[in-house]
Participant: 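Sharing a structure with you now.
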Amino acid sequence: QAWQRLEDVFIGLGFQVELRLPTASESRFTGTDTTSLRGLFLANWQSRIVGAYLAAGYEQDFSTDVLSNGSVAASITAQATEYLLFEVGMNGAFYVKDIDLYDSSKFGVVLPGTTIVAGSSNLGKNEVNFGGGLRLNPVGDLSFSLYATTPVTDDGYRPGEVIAASLDYPF
């Protein structure tokens, strides 16, 4: 009986490496001009109904060292029906140095009337978000997702609550 239960449980372990290359000019507000390397350890446990996922790692920014950070994400899922999945989780980034979103002295010239935002340019060192949502697969590979997140930390400028919806169909 115990062996049959183990057949329904899936465990996965992995490692992911990402390389970010300069794609634009940060001084012109068109993206990032830094190079970084990130490594993530991934683990998951999944039964027929419940699942747990974990990702943790570190990103080293070689150009400015400002975006170097440790990151962690964890979530728990529950398969309510064959077509409906619920998920709740958190993710966090723990920066080595405080982050400056932009050169505040130039920001007002590029986008006039933004002095309130420009005054809050420091992101701080910790960014943790908590959220959850659902994914519905009504037919085949058609997938509808609805997720909401809210920041847990208030150290510096943060976006507020975020609601995201998506409709996906691979072809």
Participant: Distance check, rounded to the nearest 0.5 Å: Glu127 atom CD versus Asn91 atom CG?
Facilitator: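 Those atoms lie 7.5 Å apart.
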Participant: Could you give the distance from CD (Gln60) to OG1 (Thr35), rounded to the nearest 0.5 Å?
Facilitator: 11.5 Å
Participant: Are side-chain heavy atoms of Val128 and Met90 found at a separation under 4.5 Å?
Facilitator: yes
Participant: Please determine whether the number of non-hydrogen atoms from other residues, nucleotides or ligands lying under 6.0 Å from atom CZ of Phe94 exceeds 12.
Facilitator: yes
Participant: If hydrophobic clusters are built by linking Ile, Leu, Val, Met, Phe, Trp and Tyr wherever their side-chain heavy atoms come under 4.5 Å apart, do Val50 and Ile11 end up in the same one?
Facilitator: yes
Participant: Do Val88 and Leu54 land in one hydrophobic cluster if side-chain heavy atoms of ILVMFWY residues count as linked below 4.5 Å?
Facilitator: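 Cluster IDs for Val88 and Leu54 match.
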Participant: Going by side chain to side chain contact (heavy atoms under 4.5 Å, CB included), name the residues that satisfy it together with Ala80, two or more places apart in sequence or in a different chain.
Facilitator: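 Side chain to side chain contact (heavy atoms under 4.5 Å, CB included) list for Ala80, sorted by chain: Leu84, Phe86.
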Participant: Taking Ser68 for the side chain and Asp61 for the main chain, is one N or O donor matched with an acceptor at less than 3.5 Å?
Facilitator: yes
Participant: Could you state the interatomic distance from OG (Ser145) to CG (Asn137), rounded to the nearest 0.5 Å?
Facilitator: 7.5 Å
Participant: Do the non-hydrogen side-chain atoms of Glu18 and Gln16 ever get within less than 4.5 Å of each other?
Facilitator: yes
Participant: Side chains of Glu87 and Tyr147 only: does a donor on one sit below 3.5 Å from an acceptor on the other?
Facilitator: yes
Participant: To the nearest 0.5 Å, what is the distance between OH on Tyr53 and CD1 on Ile76?
Facilitator: 11.5 Å
Participant: Side chains of Gln46 and Thr77: closer than 4.5 Å at any heavy-atom pair?
Facilitator: yes
Participant: Could you work out the complete set of other residues in the hydrophobic cluster of Leu40, with links drawn between I, L, V, M, F, W and Y side chains under 4.5 Å apart?
Facilitator: Leu42
Participant: Of the options Leu136, Leu167, Asp168, which is the one that meets Leu142 in a side chain to side chain contact (heavy atoms under 4.5 Å, CB included)?
Facilitator: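 With Leu142 as partner, side chain to side chain contact (heavy atoms under 4.5 Å, CB included) holds for just one option, Leu167.
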Participant: About how many Å separate CZ of Phe10 and CZ of Arg48, when rounded to the nearest 0.5 Å?
Facilitator: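 That separation rounds to 8.5 Å.
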Participant: Who passes side chain to side chain contact (heavy atoms under 4.5 Å, CB included) against Thr149, sequence neighbours left out?
Facilitator: Val162
Participant: Hey, what do you get for OH (Tyr169) to OG (Ser143), rounding to the nearest 0.5 Å?
Facilitator: 12.0 Å
Participant: Under 4.5 Å between any side-chain heavy atoms of Val17 and Leu37, yes or no?
Facilitator: yes
Participant: Less than 4.5 Å apart, side chain to side chain, heavy atoms only: is that true for Val96 and Tyr58?
Facilitator: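 Of all side-chain heavy-atom pairs linking Tyr58 with Val96, at least one is under 4.5 Å.
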